[in-house]
A.B. asks: 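Here's a structure for you.
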Amino acid sequence: MTRLDPWPLWRVSHPCTPEYTAAHLSGDAAMQEQVELQEKAAFFQVGTEKFIELTLCTFGLYSLYWTYRNWEVLQHRGEAVNPLLRTLLSPLYQYDLYRRVHQRATLENELPRWTPVRLYVLFMAFSLIPAWMLVNENPWGWLLSLLTLLPNALVNMSINAIHDRHIRFFNLNLQLSGLNWAAIVAGLIGWLTLLIVVMAYH
C-alpha cells in the first residue's frame, strides 16, 4: 500500500497574514507561487464542469488526457508509475487511481460518497460492454463508452475538494482556454454532423 504523507503538497501563507499580502504585491511573486503550487498538486486539477464539457465534446479523449495527467502528477511526486502505460491500460490501473484519490480525500476529512470498488465496476462495465458491441459491429458501442465519464467525474469532484481546502486563492483550472474552446467548437460540429448522418439514414 502506498504511504501517504499527512499533507506534503505545500506551505502557503494565509490570505490575512502580512507574508501573504507582501508576496502578492508583485505580479512576479504571484506567478512564481502559482507555478510552485501547480508543481506540488496532489492530483491533476481541473474543474468538474470543464472536465465534463471537454470529455463530451472530444468524444471521450479528454478523459484519457485526465487519466494521463493524474498519473503524471503522481509520478512527479515520486511515485513509481508510468503515466502513458497506465493510461493505455486503464482497465487494469483505473482502480488504483480511484483508490489513491479516495485515500487522500479520507485523509483530508473529505469523505467521498463513493468507493473505489463500486466506481471501478462501473468503469469496467462502461468499457467492456461498448467493446463487445463494437466487436459485434454495433456502431453505438463508442457512444456508450462515454459513460466512463460518470465514475471519473465523481473522482474529479473529490480531487477538487482536496485542493479547495488548501488553495482557494489558486487558479483551479476552471476557465476554458482558447484551445479548449477550439476543441468544444470542433466537438459540437462533430456531434452535429453525426446527428445529420443518423437522421439521413433513418
Side-chain angles (χ1 to χ4, degrees), residues 1-2 4 42-75 77 79-106 110-162 173 180 183-184 186-202:
M1 180 179 295
T2 304
L4 293 175
F43 300 98
F44 175 58
Q45 172 62 39
V46 60
T48 300
E49 182 179 350
K50 177 178 177 179
F51 171 67
I52 293 174
E53 292 169 347
L54 290 174
T55 298
L56 291 176
C57 288
T58 60
F59 296 89
L61 292 179
Y62 189 82
S63 190
L64 290 175
Y65 172 76
W66 174 83
T67 298
Y68 174 82
R69 288 299 308 274
N70 273 299
W71 287 122
E72 187 179 51
V73 171
L74 288 168
Q75 183 187 52
R77 289 180 53 210
E79 301 286 351
V81 298
N82 185 317
L84 181 59
L85 180 63
R86 292 200 171 211
T87 301
L88 295 176
L89 300 178
S90 55
L92 299 178
Y93 291 106
Q94 204 74 0
Y95 171 77
D96 190 33
L97 178 60
Y98 294 167
R99 179 187 63 81
R100 291 168 186 261
V101 175
H102 191 277
Q103 283 186 334
R104 172 64 72 179
T106 302
E110 290 289 347
L111 301 180
R113 296 183 178 180
W114 52 270
T115 63
V117 172
R118 290 173 65 182
L119 287 196
Y120 181 65
V121 169
L122 286 177
F123 178 84
M124 289 301 295
F126 296 143
S127 298
L128 297 180
I129 294 177
W132 176 81
M133 293 173 65
L134 291 173
V135 168
N136 287 275
E137 300 182 353
N138 188 327
W140 296 106
W142 66 269
L143 187 60
L144 185 62
S145 68
L146 290 177
L147 291 178
T148 56
L149 169 65
L150 298 178
N152 287 344
L154 287 174
V155 174
N156 192 73
M157 290 174 65
S158 292
I159 293 174
N160 286 180
I162 293 169
N173 193 14
N180 294 152
I184 288 177
L188 291 176
I189 294 174
W191 278 109
L192 181 60
T193 302
L194 178 63
L195 179 61
I196 293 174
V197 171
V198 171
M199 293 179 64
Y201 278 93
H202 287 78

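Because the structure is a prediction, the values reported are computed rather than measured. Hydrogens, waters and symmetry mates play no part in the numbers below; they use all other heavy atoms, side chains included.
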A.B. asks: Using side-chain heavy atoms (C-beta onward) and a distance below 4.5 Å, is Phe44 in contact with Tyr68?
C.D. replies: no
A.B. asks: Any non-hydrogen side-chain atom of Ile159 less than 4.5 Å from a side-chain atom of Asn70?
C.D. replies: yes
A.B. asks: Could you work out, with salt bridge (Lys or Arg N to Asp or Glu O under 4.0 Å) as the rule, every residue matching Glu53, not counting sequence neighbours?
C.D. replies: none
A.B. asks: With side chain to side chain contact (heavy atoms under 4.5 Å, CB included) as the test, would you mind laying out the steps for Leu192 and Ile196 before giving the verdict?
C.D. replies: CA-CA 6 Å; Leu192 181 60; Ile196 293 174; 4.2 Å; yes
A.B. asks: May I ask you to check whether Tyr65 and Tyr62 place their ring centers less than 6.0 Å from one another?
C.D. replies: yes
A.B. asks: In terms of heavy-atom contacts, does CD of Glu49 have more than 12 from other residues, nucleotides or ligands at under 6.0 Å?
C.D. replies: no
A.B. asks: How far does CG of Leu54 sit from CG of Asn180, to the nearest 0.5 angstrom?
C.D. replies: 5.0 Å
A.B. asks: Output all residues satisfying side-chain hydrogen bond (donor to acceptor under 3.5 Å, both in side chains) with Thr148, sequence neighbours left out; order by chain, then residue number.
C.D. replies: none
A.B. asks: Looking only at non-hydrogen atoms, find the nearest pair between Thr106 and Leu111 and report the distance.
C.D. replies: CG2-CD2, 4.0 Å
A.B. asks: Just to verify, what does Met133 make a side chain to side chain contact (heavy atoms under 4.5 Å, CB included) with, not counting sequence neighbours?
C.D. replies: Ile129, Asn138, Trp140, Leu144
A.B. asks: If you round to the nearest 0.5 Å, how far is CD1 of Ile184 from NZ of Lys50?
C.D. replies: 9.0 Å
A.B. asks: Minimum heavy-atom separation for Thr55 and Leu146, please, with both atom names.
C.D. replies: O-CD2, 4.5 Å
A.B. asks: Looking at Leu84, Asp96, Leu85, which hits side chain to side chain contact (heavy atoms under 4.5 Å, CB included) with Trp71?
C.D. replies: Asp96
A.B. asks: Partners of Trp132 by side chain to side chain contact (heavy atoms under 4.5 Å, CB included), sequence neighbours excluded?
C.D. replies: Asn136
A.B. asks: Could you tell me which residues satisfy side-chain hydrogen bond (donor to acceptor under 3.5 Å, both in side chains) with Thr87, sequence neighbours excluded, listed by chain and number?
C.D. replies: none
A.B. asks: Which atom names give the shortest non-hydrogen contact between Gln75 and Val81, and what distance separates them?
C.D. replies: NE2-O, 3.1 Å
A.B. asks: List the residues meeting side chain to side chain contact (heavy atoms under 4.5 Å, CB included) with Leu56, not counting sequence neighbours, and say none if there are none.
C.D. replies: Ile52, Leu149
A.B. asks: State which residues pass ring pair (Phe, Tyr, Trp, His ring centres under 6.0 Å) with Tyr98; sequence neighbours excluded, sorted by chain then number.
C.D. replies: none
A.B. asks: Could you note down all residue pairs passing salt bridge (Lys or Arg N to Asp or Glu O under 4.0 Å) where residues 58-72 supplies at least one of them, sequence neighbours left out?
C.D. replies: Arg69-Glu72
A.B. asks: Name every donor-acceptor pair, under 3.5 Å, that has one atom in a side chain of residues 114-128 and the other anywhere in the protein, sequence neighbours excluded.
C.D. replies:
from, atom 1, to, atom 2, distance (Å)
Trp114, NE1, Ser158, OG, 2.9
Thr115, OG1, Arg118, N, 3.4
Tyr120, OH, Pro91, O, 2.3
Ser127, OG, Phe123, O, 2.8

A.B. asks: Could I get the full list of side-chain hydrogen bond (donor to acceptor under 3.5 Å, both in side chains) partners for Asn82, not counting sequence neighbours?
C.D. replies: none
A.B. asks: Would the distance check show the side chain of Asn160 and the main-chain N or O of Gln45 forming a donor-acceptor pair, the cut-off being under 3.5 Å?
C.D. replies: no
A.B. asks: Is Asn152 close to Gln94 at the side-chain level, that is, under 4.5 Å between some pair of heavy atoms?
C.D. replies: yes
A.B. asks: Output all residues satisfying side-chain hydrogen bond (donor to acceptor under 3.5 Å, both in side chains) with Trp66, sequence neighbours left out; order by chain, then residue number.
C.D. replies: Asn156
